[in-house]
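Just below is one structure, and these are the notes that go with it.
Order of listing sets the numbers, starting from 1, for every ligand and every atom in it. Worth knowing before you read on, the calculation uses all heavy atoms, side chains too, and leaves out hydrogens, waters and symmetry mates.
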Amino acid sequence: MKCIIDTDPGADDVLALIMALNSPDLEILALTTVEGNARLEHTTANALRLLDYMGRTEIPVYSGESTPLEGEFHHAYEVHGDEGLTVRLPDTETKPAQGGAIDFIVDTALAMPGEVTLFALGPLTNVARALMRDERVKDAFERVYVMGGQGDGSGNVTPYAEFNIWDDPYAANVVFGSGTPVTLVGLNITRQTSIARNEEAWLTGDTPGEMLAAQVLESWFELDEAGHRSRFSMHDPVTIMAALRPDLIQTRAATLTVETDGERVGEIAADYESGGSVDVTVGVKSAEALAFMRGLLRG
Ligand code: RIB
Ligand code: CA
């Protein structure tokens, strides 16, 4: 499966990227970075450093948008740490590829119609800009897997909204309204695929991916000295898993609209009656999903 991964690394992005890099079923054409968890300079640096650490600098990183369709980005440094991570990856000499993320996404999707899967692990700004750049793009993606949305529960930034959607609600409306095939993985799913603090099975292993994942998890929990953080949700990793193991998820087609202002900004309303282009994930086989994701850390 040829793919592009749009990402704002971010602790859970890093685990998702390790799994994707280790998957024999993914041919990663590029990473594209977006501002979100951290400023674009940090998310891009984290992506470059991760690829170097994993020995995969043949994969290009294209830097994307640093402002949402409207307004400014809000970040989550308090969640993900200084510079967007709670671990300091070794520096790298590699630089972002020439050209921007939007052009790369558009040119690649149009060059290989129906072949490219796009994973969107951060705010949907880059994806929306690509869809807006050329109206053929909506029919060119094989599918877009989006981590986002409060699902059938409460949000994680406000009671109503999940971070990726909340940080650029206008972009989310563009993507969900474009007609491009989307699989949406929301908090209703990622909260069922979370691990507890000090869960041994995730802190062992001697491969580069396992050692880094353990460091990320341990330092993420330690960032919260008061111990309020009891579980780490596999938000971005399970979004990658949804494409690799569709047998582990259950979806329902829907038409989605996103609130763009006021107290409930970022809240997704799903109309399942009329179906639609977005397959909303409504169920997951949690134990099997977690076992599959843990296995991919090893490579
Ligand atoms: O709400 C969780 C999402 O927001 C994840 O993608 C996390 O990395 C942050 O981007
Ligand atoms: Ca993310």
Side-chain angles (χ1 to χ4, degrees), residues 3-20 31-40 42-47 50 61 63-66 68 73-81 83-87 101 118-128 144-169 171-172 175 182-195 213 216-217 219-220 223-224 229 231-243 258 265-268 280-281 284 293:
C3 71
I4 298 169
I5 305 178
D6 193 71
T7 180
D8 62 336
D12 60 315
D13 299 72
V14 164
L15 267 64
L17 293 171
I18 292 168
M19 294 173 194
L31 302 187
T32 54
T33 55
V34 65
E35 186 156 326
N37 285 325
R39 287 191 302 279
L40 186 65
H42 293 147
T43 59
T44 303
N46 291 335
L50 175 67
V61 175
S63 185
E65 297 294 298
S66 58
F73 277 121
H74 304 277
H75 309 114
Y77 285 105
E78 73 285 357
V79 173
H80 293 271
E83 299 192 9
L85 286 179
T86 47
V87 297
L118 177 62
F119 293 101
L121 307 182
L124 290 169
T125 315
N126 288 347
V127 184
V144 181
Y145 288 82
V146 173
M147 192 282 131
Q150 78 283 1
D152 54 10
S154 61
N156 60 357
V157 184
T158 71
Y160 314 105
E162 175 279 326
F163 179 82
N164 286 339
I165 306 301
W166 173 81
D167 222 8
D168 194 344
V175 175
V182 170
T183 294
L184 181 67
V185 179
L187 297 178
N188 56 313
I189 299 303
T190 66
R191 285 174 173 143
Q192 296 182 59
T193 50
S194 66
I195 62 168
V216 168
L217 288 167
S219 57
W220 185 86
L223 190 66
D224 165 37
R229 288 179 178 182
R231 300 194 73 83
F232 180 96
S233 289
M234 295 290 168
H235 302 298
D236 294 338
V238 77
T239 304
I240 300 286
M241 186 219 74
V258 182
V265 61
E267 184 177 39
I268 294 177
V280 178
T281 309
V284 62
M293 289 187 280

Could you check atom 4 (O) of ligand 1 against the protein and tell me its nearest heavy-atom contact, residue, atom and distance included?
Asn164 OD1, 3.2 Å

Here the atoms of ligand 1 under 4.0 Å from any heavy atom belonging to Met147 are 2 (C), 3 (C), 5 (C), 6 (O)

Any N/O/S atom from Asp8 (main chain or side chain) under 3.0 Å of the Ca ion (ligand 2)?
yes

Just which atoms of ligand 1 are under 4.0 Å from any heavy atom in Leu121?
6 (O), 10 (O)

Taking all non-hydrogen atoms of both residues, which atom of Val258 and which atom of Ala172 are closest, and how far apart?
CG2-CB, 3.8 Å

For atom 8 (O) of ligand 1, find the nearest protein heavy atom and state the residue, atom name and distance (0.1 Å precision).
Asp12 OD1, 2.6 Å

Sole residue of Thr44, Thr43, Asn37 in side-chain hydrogen bond (donor to acceptor under 3.5 Å, both in side chains) with Asp8
Asn37

Does Leu121 bring an N, O or S atom to within less than 3.0 Å of the Ca ion (ligand 2)?
yes

Does the side chain of Ser63 reach to within under 4.5 Å of the side chain of Leu40, using non-hydrogen atoms?
yes

Short N or O distance, Asn156 and ligand 1, threshold 3.5 Å exclusive:
yes

Report yes if the side chains of Val284 and Thr193 come closer than 4.5 Å at any heavy-atom pair, otherwise no.
yes

Show the numbers, then the answer: is there a side chain to side chain contact (heavy atoms under 4.5 Å, CB included) between Val216 and Leu85?
CA-CA 8 Å; Val216 168; Leu85 286 179; 5.5 Å; no

Atom 9 (C) of ligand 1 [closest protein heavy-atom partner, distance rounded to 0.1 Å]:
Asn37 OD1, 3.1 Å

Could you tell me, atom by atom, which parts of ligand 1 come under 4.0 Å of a heavy atom of Asp13?
8 (O)

Find out whether Ile18 and Leu50 are in side-chain contact, i.e. whether some heavy atom of one side chain is under 4.5 Å from a heavy atom of the other.
yes

So the atoms of ligand 1 within less than 4.0 Å of a heavy atom of Glu162 turn out to be 1 (O), 2 (C), 3 (C), 4 (O)

Short list, please: which atoms of ligand 1 are under 4.0 Å from a heavy atom of Phe163?
1 (O), 4 (O), 9 (C), 10 (O)

Just let me know how Asp8 lines up against ligand 1, side chain, backbone, both or neither, with a heavy-atom cut-off below 4.0 Å.
side chain

Validation row: Leu184, Ile268 side chains within 4.5 angstrom (heavy atoms):
yes

Which single N/O/S atom of Asp236 lies at minimum distance from the Ca ion (ligand 2)?
OD2

Side-chain contact, heavy-atom cut-off 4.5 Å: Val79 with Phe163?
no

Scanning both residues in full, the closest heavy-atom pair of Thr239 with Phe119 reads O-CE2, 3.8 Å

Atom 6 (O) of ligand 1: closest protein heavy atom, distance to 0.1 Å, is Asp236 OD1, 2.7 Å

